[in-house]
Each structure stands twice: as structure tokens, then as C-alpha cells.
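Not measured: the values here are computed from a predicted model.
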Amino acid sequence: MQQFTITDKIKSLDIQDITENLFHYSYDSKSLKALVKSNTSKEDISYISAYSSFKGEVYENIVYELLMQYALTQDEITRFVLKGPYQDKENLYIKSGLLIDRSSQIVYKSAYKDISEFDALFFTKDSLYFVEMSTSKKTSSLNKRLAKKYALLKMIFPTLNINALIVVTKGSVGLKNFPPYATIWLTNDLEDEELIEKIIFAKKVKNDIQTLKSPRNSKFVEACKVKYKKFQYFPTLEWILNKSREHQKFTVDLKFFSSPKLGLYFDIFTKLYIGYTTTAEFLELYKEFDLKVKSDRIIVTIEKVNQTQLDIVYYAKETNGKLKRVRLEEDKISIKDKELDGFTNAEVRFFMKVLEEKHHLSVENIKHILNNISLIK
């Protein structure tokens, strides 16, 4: 993999020639402004949280600006995707695919929902780099997010090597835990409080925001002009369901889930749907179950519950519209509410229409899967 090296300018967050550009980005400063106007103490946890989040936005935009300059100095970088104030407004509201969303970020959207967001994207002759930036000293949550982004990009750019560029501040911990495809850059902390305060309280003149012109160079491309293989969210989930049920001997073909491609799907979706069981049958697995379930169907999934472990997880849509996630572990039962506007709710609504009698799973079927789930590598 091409190892790009951080420059002194990026390491020191030298913004001397890009300061004015930073005021052209959109920022979420409402909550922070309200706290300042109400004289909230800077020691208050609500202020610390809001300020830290805002500083992270400014840091991301600084690094993005410096990366744009960096791209011009690196012959290996062939294309660099524009976002923020450099994005053509005509392309802001495309509904699906690789695009710029309403907050001017680079996202991949499917079924009207964001699957993943990328702080920056750039290409070399044979590779794609996605960039993630953070001011948090703890990197574990950032690291966890990489698998989904990597898997999605592997799907839509199957002929390219996928790499990550991680830009974090000095003193960050957990850097040795990042995957081999990640290059780590360490910058100074963003300590320019005067700049941050100016951006917080800058008067936003609508026509002055989102109006920067990128340097005239063929490397700079808009997200909607990048060619990729389209990834279809719900049709892919349905294909996995039906493909997993084609084996002549086994109700669910567990070996089907062991292919490298299915490994990528687990990273993208987290859970893959394999059928449903009835309330009466589920009571054999969990005697204390007392939810009133819509359509007498409890949906069964194989879920990636952490980075290395798969398990059977159930989704029960109640008659009142709430969705519960149920995991039956040997030593405890986990029941959690799922967000009404989240991906899981949308997926369950989809499968409530798709699932047929042929997708039914008996208690014996489920126990067989649980006993052999280790076959999935």
C-alpha cells in the first residue's frame, strides 16, 4: 500500500493561508451559542460536550483544506472528491448513491438513508483512500466504524485497493489496534480558541456560505461524477435471505455465510435475515416472553454482535409499533428498543412484507443453527 507521509504544515495545523475558507463551511453552532448566551459555565459538562463537538467540526474542515493542498503536491493522487463549500449546489440533493448530503458531507445513501459518511475520499491509480478525522484521544469507536466503511467501499469499488487515512491528534490512544489497511497521521491539538470563537459567532450571510471555488485542477472531482458499482441495500438483503435457504439438505446454509463476500455484508449490515418463527415457538426458547407481536412473526437474524462473534438475534415488532431486539444468551436475556427512524426498523418493515411460509424456522431449525454457528468463518 502507498504510504503517504504527513507534512509539517498538516502536523502543525498551519492555517495561515486557509483561515478565510473555514468561514464558508456549515457548522452546527446553535446549542453552543445558546449555552454561551445563557452564561453556562465552561466547566459545565453540557458546555464541554458542545464545545468539543464544535471544535471537532472545525478540526475536520482544517484538515480537509490542508488535504486539498496536499493532493496537489502528490503525483500519486489522481482524484480528490470535493465537499463542503466546493460542491456544486446542483448536485446536493441526489437521492441515492455516492453524493453530498444536506450538510455538505460525502455520504453513500441507499433507500433514502445514509449508509456511511466519509470525511474525505481520494484516489491513486489502483487504490481508494477514505479519510477519518477525530479530536478524541480515545480511538476505539472510530476504529469500530472503519469495518463498515471499508466493506461498503470494497463493494462499490471492487477493482481498487481500499485503504484508510486516520488523522488524529497527538496523545491519542489505541493506535496499534487499527487494521493493516490504515495509515495514521498525528497532528497537534487544535488550540486556537480565538479562531473557534470567531467561527461560532460569525454572522452567516446565506450567499457567502458554500461559495468557494476549488483550485483549477483536474484532480478535483464532484462525488456525483465518480464512477462506481451501485450497491442496492434492500434487494441485497433479500437476495441473501433467499440464497441462504436454497440448500437441499439444510434449512439455512451456514456455509453460504462463510464466503469473503458475505463477510463484507456482515460488516455493512451487521445482521443478515434468515427467516421468522412464531410467538408460540419462541416461547419454547424464552418462556417469559410476553410481548404482543404483530402478525405473529418474530424475525430471526444472524448478527455480528461484536468484531469477532456471531449470534442469533430476534426482532419483535409489537402491535403498538415498537420494535424490540431480543438476544438470548446463556447467562442473561437482552431486550432493547430500536429507534423508529433507524435502519433496523426500515429493514423489519421490509421483511414483514417479504417473508413467506417457506422462510419459517422451527425451534429445531434455530437450535441447529445455534449449535453450528461456529461453521461461519
Side-chain angles (χ1 to χ4, degrees), residues 2-29 51-74 76-77 79-87 100-101 103-107 116-124 128-139 141-143 145-146 149 163-175 178 181-196 198-200 209-210 212 214-215 217 219-221 223:
Q2 169 71 44
Q3 288 285 348
F4 289 101
T5 306
I6 191 171
T7 62
D8 289 337
K9 185 171 186 177
I10 296 175
K11 187 182 296 183
S12 63
L13 299 180
D14 182 353
I15 63 169
Q16 188 172 355
D17 56 349
I18 62 166
T19 303
E20 182 58 34
N21 294 0
L22 299 174
F23 290 85
H24 288 260
Y25 287 81
S26 293
Y27 295 92
D28 182 9
S29 59
Y51 186 84
S52 176
S53 177
F54 188 85
K55 185 168 77 169
E57 289 185 55
V58 178
Y59 178 81
E60 179 183 324
N61 294 335
I62 289 173
V63 175
Y64 182 80
E65 285 280 336
L66 295 174
L67 276 175
M68 286 184 69
Q69 295 182 347
Y70 181 82
L72 292 175
T73 68
Q74 303 296 308
E76 295 89 348
I77 296 177
R79 289 177 293 165
F80 187 95
V81 179
L82 296 171
K83 72 169 188 177
Y86 300 100
Q87 172 65 32
I100 301 297
D101 68 3
S103 58
S104 300
Q105 297 297 316
I106 303 167
V107 301
S116 271
E117 179 182 312
F118 306 97
D119 292 341
L121 290 175
F122 63 87
F123 297 81
T124 65
L128 166 61
Y129 284 78
F130 66 99
V131 185
E132 294 299 308
M133 315 163 193
S134 176
T135 54
S136 173
K137 300 300 183 185
K138 297 178 180 178
T139 60
S141 61
L142 186 156
N143 199 345
R145 296 197 299 270
L146 296 189
K149 297 172 189 284
N163 301 304
L165 174 60
I166 310 301
V167 188
V168 291
T169 56
K170 60 185 180 182
S172 296
V173 297
L175 301 182
F178 280 95
Y181 59 78
T183 297
I184 313 296
W185 282 3
L186 293 175
T187 75
N188 291 344
D189 288 314
L190 175 57
E191 297 175 331
D192 193 337
E193 294 185 8
E194 183 181 352
L195 170 70
I196 295 170
K198 282 182 179 179
I199 294 175
I200 293 170
I209 302 174
Q210 309 286 302
L212 288 179
S214 62
N217 192 289
K219 287 187 178 185
F220 296 118
V221 297

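The side-chain heavy atoms of Asn21 and Met68, taken from C-beta on, include no pair separated by under 4.5 Å. By the 4.5 Å heavy-atom criterion applied to side chains, Lys11 and Leu186 are not counted as neighbours. In this structure the side chain of Leu13 reaches within 4.5 angstrom of the side chain of Leu190, judged on heavy atoms. Contact of the Ile166 side chain with the Thr183 side chain is not registered, since no non-hydrogen atoms from C-beta on lie closer than 4.5 Å. Contact of the Thr187 side chain with the Ile6 side chain is registered, since non-hydrogen atoms from C-beta on lie closer than 4.5 Å. At a threshold of 4.5 Å between non-hydrogen side-chain atoms, the residues Gln69 and Ile10 do not count as touching. The shortest side-chain heavy-atom distance between Tyr25 and Glu65 falls under the 4.5 Å cut-off. Looking at heavy atoms from C-beta onward, Ile100 lies in side-chain contact with Ile106 at the 4.5 angstrom threshold.
The two residues Ser52 and Thr135 have their closest heavy-atom pair at O-OG1, 4.4 Å. The two residues Gln105 and Glu60 make their nearest non-hydrogen contact at OE1-OE2, 3.0 Å. The shortest heavy-atom contact between Ser116 and Lys149 is OG-CG, 3.7 Å. Across Glu20 and His24, no two heavy atoms sit closer than the pair O-CD2, 3.4 Å. Counting all heavy atoms, side chain and backbone alike, Tyr27 lies closest to Leu22 at OH-O, 2.7 Å. Scanning both residues, Asp14 and Leu66, for their nearest heavy atoms gives O-CD2, 3.4 Å.
Rounding to the nearest 0.5 Å places CG of Asn143 at 4.5 Å from CZ of Phe178. Expressed to the nearest 0.5 Å, how far NZ of Lys55 lies from CD1 of Ile62 amounts to 10.5 Å. Here Thr5 contributes atom OG1 and Tyr70 contributes atom OH; the two are 5.5 Å apart, rounded to the nearest 0.5 Å. Between Ser26 atom OG and Asn61 atom CG the span is 9.0 Å, to the nearest 0.5 Å. In this structure, the separation between CG on Leu82 and CG on Leu121 is 11.0 Å, given to the nearest 0.5 Å. Separating the CZ atom in Arg79 from the CD1 atom in Ile77 is a distance of 12.5 Å, to the nearest 0.5 Å.
With hydrogens and angles ignored, the 3.5 Å screen pairs no side-chain donor or acceptor of Asp189 with any backbone N or O of Glu191. Formation of a donor-acceptor pair under 3.5 Å by the Asp101 side chain with backbone atoms of Val107 is not found in this model. Side chain of Lys219 to backbone of Ala71: a donor-acceptor contact under 3.5 angstrom is found. Side chain of Lys83 to main chain of Asp119: a donor-acceptor pair is present (N/O by atom type, distance under 3.5 Å, no hydrogens or angles). A donor-acceptor contact shorter than 3.5 Å is absent between the side chain of Thr139 and the backbone of Leu142.
Under the ring-ring contact (aromatic ring centres under 6.0 Å, His included) test applied with Tyr64, the options Phe80, Phe118, Phe122, Tyr59 reduce to a single match, Phe80. The only member of Phe4, Phe123, Trp185 that meets ring-ring contact (aromatic ring centres under 6.0 Å, His included) when paired with Tyr129 is Phe4.
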Check against side-chain contact (heavy atoms from CB on, under 4.5 Å), Lys9 and Asp17: CA-CA 11 Å; Lys9 185 171 186 177; Asp17 56 349; 2.9 Å; yes
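Around atom NZ of Lys138, no more than 12 heavy atoms belonging to other residues, nucleotides or ligands sit under 6.0 Å away.
Geometrically, Lys198 does not engage Phe23 in a cation-pi contact, judged by NZ or CZ lying under 6.0 Å from the ring centre and within 45° of the ring axis.
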